[in-house]
Participant: 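What follows is a single structure, and I will ask about it in a moment.
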Amino acid sequence: MSDSNDTLRQAALHYHEFPKPGKLEVRATKPLANGRDLARAYSPGVAEACLEIKADPTNASRYTSRGNLVAVVTNGTAVLGLGNIGALASKPVMEGKAVLFKKFADIDCFDIELNESDPERLADIVCAMEPTFGAINLEDIKAPDCFIVEKICRERMGIPVFHDDQHGTAIVVGAAATNALYVAQKRWEDIKIVSTGGGAAGIACLNMLVKLGVKRENIWLCDINGLVYEGRVEDMNPQKSEFAQKTDLRNLDDVIEGADLFLGLSGPGALKPEHIKKMASRPIIFALANPTPEIMPDVARAAVPDAIIATGRSDFPNQVNNVLCFPFIFRGALDVGASQINDAMQIACVDGIAELARASTSAEAAAAYQGEPMTFGADYLIPKPFDPRLSGIVSSAVARAAMESGVATRPLEDLEGYKAKLDASVFKSALLMRPVFEASKKDARRIVFAEGEDERVLRAAQAILEETSEQPILIGRPTVIEARCERMGLDIRPGRDVHLVNPEDDPRYRDYWGTYHEIMKRRGVTPDLAKAVMRTNTTAIGAIMVHRGEADSLICGTFGDYRWHLNYVTQVLSDQSRRPHGALSMMILEDGPLFIADTHVRVHPSPEDLAETAMGAARHVRRFGIDPKVAFCSQSQFGNQGEDSGKRLRAAIALLDEKPRDFCYEGEMNIDAALDEELRARLLPDNRMEGAANVLIFSNVDAASGVRNILKMKGGGLEVGPILMGMGNRAHIVSPAITARGLLNMAAIAGTPVAHYG
């Protein structure tokens with residue numbers, strides 16, 4: 001164990017030191033490349049922003065970063081489980097908090113560590129920083145000083161002040177307790193609570209539970225000195241006194257009898273197995289001390305097998321983690337210019353977190369926590385921190401509560417649009433895919449998935465039913481699909497929510513192999529081979545369904561080689577009017593989308609092929625609400641080389657020039673010229689393209705595929721596609737690396753009627 005701890009220690013220190021010390025840096029959001037930029041960023045242009053703010057202080061959120069800037073403030077007197085280690089030693093924790101703000105809610109953050117132990121003077125310093133920040137997150141300040149600091153700051157400041165150790169913990173505990181009572185079939189007003197820990201977090205949790213409906217007289221608070229009772233003078237403060245009981249009982253053992261919920265925010269070993277056995281049926285155990293809880297979950301489970309257990313640890317189910325709360329409550333508060341974070345906003349946060357856990361789990365969260373139970377129940381009371389839906393659901397609920405309770409200074413006009421924007425900040429494809437999703441809702445098209453047993457396909461099918469009007473059809477064995485849906489916590493079931501084709505036993509089998517044989521009988525396929533294909537080849541089965549009109553589009557390729565799938569798609573679905581002529585990938589980058597073609601279909605395209613690919617790409621790009629600007633890319637630049645690739649691209653452009661086109665195209669040129677307007681203008685001043693190209697057409701599949709993969713692996717690009725062009729939206733072949741969200745995007749593309757497709 002010591003070797004393991006030493007390894008973890010070294011890894012943690014290495015993480016903090018390299019490649020550069022610390023976890024934060026400051027970056028400019030505007031260009032500063034020349035004198036013109038300097039004049040606008042600083043003198044004299046900066047004066048204009050200053051005067052606008054002087055005239056109207058709310059303009060600070062328009063012209064500065066204040067509206068998205070939070071201070072994490074501490075004096076280091078109660079840091080994690082380390083205690084009073086001082087302001088300087090607390091800095092790694094505060095930097096970590098700032099990183100979480102940025103990662104989970106895209107909130108900029110400064111960590112501020114102050115050498116001040118007097119709570120009133122500390123509050124004075126915090127209040128003086130109000131012009132700089134949009135909100136204050138107080139952190140790791142010992143009790144009862146934290147109560148004093150927060151009270152003074154909230155009274156004097158016009159921005160949200162939130163002590164996360166108190167209220168963040170209370171909100172997540174409230175959400176977990178809400179769902180624990182749901183599982184145990186108990187009600188707030190009926191339960192008895194016994195708590196250990198009279199610190200800031202413990203008191204805040206009890207106050208939150210009272211707000212949610214627990215009767216104050218049913219709460220029994222214990223600390224290191226025993227029960228908090230009326231008349232006790234040892235180690236008391238006003239916050240503890242609010243939970244003092246009028247009783248002769250004096251310790252935990254006396255009061256635990258019949259308790260429904262144990263709430264521990266104290267230290268290891270505070271709760272014993274014999275205590276749990278005295279509790280009410282189906283007891284709820286929240287042992288939240290870190291790193292060692294009041295009782296280990298396995299010990300509690302052994303004492304009462306049906307106990308519902310949560311801890312503060314990540315190696316057991318139901319980790320009560322403040323990161324589920326603070327990024328999103330601040331996000332909602334900042335976006336409406338809230339003057340405070342009030343009870344209504346905190347309860348909205350509780351409800352949002354609890355509701356999300358009861359919904360089906362997201363594919364992204366499942367991927368981040370592979371192997372962990374993700375089905376709502378005793379072992380899954382609250383969502384995981386990496387569930388990307390938290391931002392949209394929780395932050396929008398907080399924003400709504402702020403507006404309804406009257407503390408929003410910049411109310412939102414379109415709350416649904418705001419939620420969609422939050423989702424788009426998490427799901428990089430969401431904003432660009434919106435026109436496609438809207439078009440796909442106009443007709444209930446039937447999408448057949450060849451690999452219907454794949455976990456990503458099942459999660460995509462769930463999302464399709466929730467977000468579109470499409471009808472998913474899955475090819476796979478019913479027992480396997482049902483078992484996997486059950487294990488993953490999905491609501492869908494074969495036969496009830498999704499149509500199913502069972503390749504092992506389907507009444508249409510005779511029709512399917514007969515159709516396939518009829519298509520392929522002059523291409524060497526015998527009846528026996530046709531029968532075998534229709535039993536084993538799900539891509540061929542899906543293509544036959546589309547051919548027979550039993551589905552509108554096929555999606556395949558979650559495993560296997562692209563060209564293998566393409567062979568069967570072409571066999572069954574190609575005709576005189578439809579044939580594959582290219583694969584188009586949309587790569588979503590930090591500065592917007594970039595389309596790459598042809599990434600899969602034609603290895604060495606002719607000029608006619610290249611012209612056809614450009615026309616198809618332009619049509620598809622418009623589906624995303626984007627005006628296509630097509631660049632033909634090569635080592636050759638505007639005719640300066642005579643190699644094969646340059647010749648073919650120039651010939652393709654000549655073919656396009658023969659008729660008027662409704663899209664901009666230019667070439668042949670290097671990629672840098674395609675993306676840099678100034679460079680392109682120096683090379684060919686009268687070129688016909690303005691701005692950067694957004695569609696790159698390459699002379700061979702190796703170049704296109706290579707650029708696509710480099711952008712994905714090294715450029716952080718998110719791929720939508722590949723989109724199979726030329727098939728009238730009847731089939732699309734994805735790559736094995738595709739995610740469930742990627743499959744949902746492809747389903748929306750496949751679900752767009754041909755009238756919208758063009």
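Side-chain atoms are counted along with the backbone in the values below, which use heavy atoms only and exclude waters and symmetry mates. Predicted, not measured: the structure shown is a model, and the values here were computed from it.
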Participant: Which atoms form the tightest heavy-atom contact between Val601 and Gly582, and what is the distance?
Facilitator: CG2-C, 3.7 Å
Participant: So which atom in Leu490 and which in Arg459 form the shortest heavy-atom distance, rounded to 0.1 Å?
Facilitator: CD2-NH1, 3.8 Å
Participant: Are Ser636 and Arg650 packed together at the side-chain level, in the sense that at least one heavy-atom pair is separated by less than 4.5 angstrom?
Facilitator: yes
Participant: Looking only at atom types and distance, does a side-chain atom of Asn687 sit under 3.5 Å from a main-chain N or O of Leu684, one as donor and one as acceptor?
Facilitator: yes
Participant: May I ask you to decide if Gln637's main-chain N or O and Asn640's side chain share a donor-acceptor pair within less than 3.5 Å?
Facilitator: yes
Participant: What I'd like to find out is whether the side chain of Arg578 reaches to under 4.5 Å of the side chain of Leu573, using heavy atoms alone.
Facilitator: no
Participant: Do Phe663 and Tyr665 make the cut of ring centroids closer than 6.0 angstrom?
Facilitator: yes
Participant: Are the aromatic rings of Phe632 and Phe698 close, with centres under 6.0 Å apart?
Facilitator: no
Participant: To check you understand the geometry: which heavy-atom pair defines the closest contact between Leu675 and Ala692, and what is its length?
Facilitator: O-CB, 3.5 Å
Participant: How are the rings of Phe101 and Phe330 set to each other: parallel, tilted or perpendicular (split at 30° and 60°)?
Facilitator: perpendicular
Participant: Residues two or more places apart in sequence or in another chain: which of them pass side-chain contact (heavy atoms from CB on, under 4.5 Å) with Asp627?
Facilitator: Arg622
Participant: Within the distance-only criterion (no hydrogens, no angle test), does the side chain of Lys629 pair as donor or acceptor with the backbone N or O of Glu690 below 3.5 angstrom?
Facilitator: yes
Participant: If every non-hydrogen atom of Tyr568 is compared with every non-hydrogen atom of Ala543, which pair is closest and at what distance?
Facilitator: O-CB, 4.3 Å
Participant: Hey, are the side chains of Phe449 and Ile475 touching, using non-hydrogen atoms and a 4.5 Å cut-off?
Facilitator: no
Participant: We want to know whether Glu608 and Ser606 form a side-chain donor-acceptor pair, criterion being a heavy-atom distance below 3.5 angstrom.
Facilitator: yes
Participant: Look up atom OG in Ser396 and atom NZ in Lys421, then write down how far apart they are to the nearest 0.5 Å.
Facilitator: 13.5 Å
Participant: Spell out, as yes or no, whether a donor-acceptor pair under 3.5 Å connects the side chain of Arg445 to the backbone of Ala750.
Facilitator: yes
Participant: Answer whether the closest heavy-atom distance between the side chains of Thr558 and Pro736 falls below 4.5 Å.
Facilitator: no
Participant: Taking 4.0 angstrom as the limit, do Glu48 and Arg40 come out as a salt bridge?
Facilitator: no
Participant: How long is the straight-line distance from OG of Ser61 back to CG of Leu69, given to the nearest 0.5 Å?
Facilitator: 10.5 Å
Participant: Taking all non-hydrogen atoms of both residues into account, name the closest pair between Ala674 and Leu696 and its distance.
Facilitator: CB-CD2, 4.0 Å
Participant: With a 4.0 Å cut-off on N to O distance, would you call Glu678 and Arg680 a salt bridge?
Facilitator: no
Participant: Does Val394 form a side chain to side chain contact (heavy atoms under 4.5 Å, CB included) with Leu356? I'd like the steps, not just the answer.
Facilitator: CA-CA 9 Å; Val394 178; Leu356 182 54; 5.6 Å; no
Participant: Using modelled atom types and a 3.5 Å cut-off, is there a donor and acceptor pairing between side-chain atoms of Ser705 and backbone atoms of Asp702?
Facilitator: no
Participant: For the CD1 atom of Ile464 and the CG atom of Asp497, what is their distance to the nearest 0.5 Å?
Facilitator: 12.5 Å
Participant: With a 4.5 Å limit on heavy-atom distance, are the side chains of Leu415 and Tyr418 in contact?
Facilitator: yes
Participant: Would you say that Met587 contacts Ile596 through its side chain, given a criterion of any heavy-atom pair below 4.5 Å between the two side chains?
Facilitator: yes
Participant: For Glu25, look at atom CD and say whether over 12 heavy atoms of other residues, nucleotides or ligands are found less than 6.0 Å away.
Facilitator: yes
Participant: Is a side-chain donor or acceptor of His581 paired with a backbone partner of Leu610 at a separation under 3.5 angstrom?
Facilitator: no
Participant: So Leu711 and Leu589, side chain to side chain contact (heavy atoms under 4.5 Å, CB included) or not? Walk me through it.
Facilitator: CA-CA 8 Å; Leu711 290 174; Leu589 307 172; 4.3 Å; yes
Participant: Strictly distance-based, threshold 3.5 Å: is any side-chain N or O of Asn59 a donor or acceptor partner for the main-chain N or O of Arg62?
Facilitator: no
Participant: I need the single residue from Val457, Thr539, Val734, Thr538 that forms a side-chain contact (heavy atoms from CB on, under 4.5 Å) with Cys556. Which is it?
Facilitator: Thr539
Participant: Begin from the C-alpha positions of His604 and Asp644 and carry the test side-chain hydrogen bond (donor to acceptor under 3.5 Å, both in side chains) through to its verdict.
Facilitator: CA-CA 10 Å; His604 196 73; Asp644 172 68; 3.2 Å; yes
Participant: State plainly whether the residues Arg563 and Asp561 are in salt-bridge range, i.e. N to O under 4.0 Å.
Facilitator: no
Participant: Which atoms form the tightest heavy-atom contact between Met669 and Ala631, and what is the distance?
Facilitator: CE-CB, 3.6 Å
Participant: In terms of side-chain geometry, is the basic nitrogen of Asp108 or Lys102 positioned less than 4.0 Å from the acidic oxygen of its partner?
Facilitator: yes
Participant: Any donor-acceptor pair under 3.5 Å linking the side-chain atoms of Ser645 with those of Ser634?
Facilitator: yes
Participant: Counting only heavy atoms not in Tyr63, do more than 12 sit closer than 6.0 Å to its OH atom?
Facilitator: yes
Participant: Does Gln635 CD have over 12 foreign heavy atoms under 6.0 Å away?
Facilitator: no
Participant: Starting at OG of Ser574, measure out to CZ of Arg730 and round the result to the nearest 0.5 Å.
Facilitator: 9.5 Å
Participant: Is the backbone N or O of Asp672 less than 3.5 Å from a side-chain atom of Asn670, with the two atoms forming a donor-acceptor pair by type?
Facilitator: no
Participant: Which distance, rounded to the nearest 0.5 Å, do you find between the CD of Glu668 and the CD1 of Ile697?
Facilitator: 14.5 Å
Participant: Is the backbone N or O of Arg446 less than 3.5 Å from a side-chain atom of Asp552, with the two atoms forming a donor-acceptor pair by type?
Facilitator: yes
Participant: Judged by atom type as modelled, is there a donor-acceptor pair below 3.5 Å linking the side chain of Glu666 to the main-chain atoms of Arg688?
Facilitator: yes
Participant: Does any non-hydrogen side-chain atom of Met615 lie less than 4.5 Å from one of Leu656?
Facilitator: yes
Participant: Any chance you could lay out the side chain to side chain contact (heavy atoms under 4.5 Å, CB included) test for Met403 and Leu412, step after step, and finish with the verdict?
Facilitator: CA-CA 8 Å; Met403 292 189 291; Leu412 301 169; 4.1 Å; yes
Participant: What I want to find out is whether Glu719 reaches Lys712 closely enough, with some N-O distance under 4.0 Å, to be called a salt bridge.
Facilitator: yes
Participant: Should we say atom CZ of Arg400 is surrounded by more than 12 heavy atoms from elsewhere, each under 6.0 Å from it?
Facilitator: no
Participant: Would you say the side chain of Arg648 lies within less than 4.5 Å of the side chain of Pro605, judging by non-hydrogen atoms?
Facilitator: yes
Participant: For the atom pair CZ (Arg456) and CG (Leu744), what is the distance rounded to the nearest 0.5 Å?
Facilitator: 14.5 Å
Participant: Do the charged groups of Arg579 and Glu612 touch, with an N to O distance under 4.0 Å?
Facilitator: yes
Participant: Walk me through it: do Asn729 and Ile749 pass the test side chain to side chain contact (heavy atoms under 4.5 Å, CB included)?
Facilitator: CA-CA 8 Å; Asn729 223 15; Ile749 289 169; 4.2 Å; yes
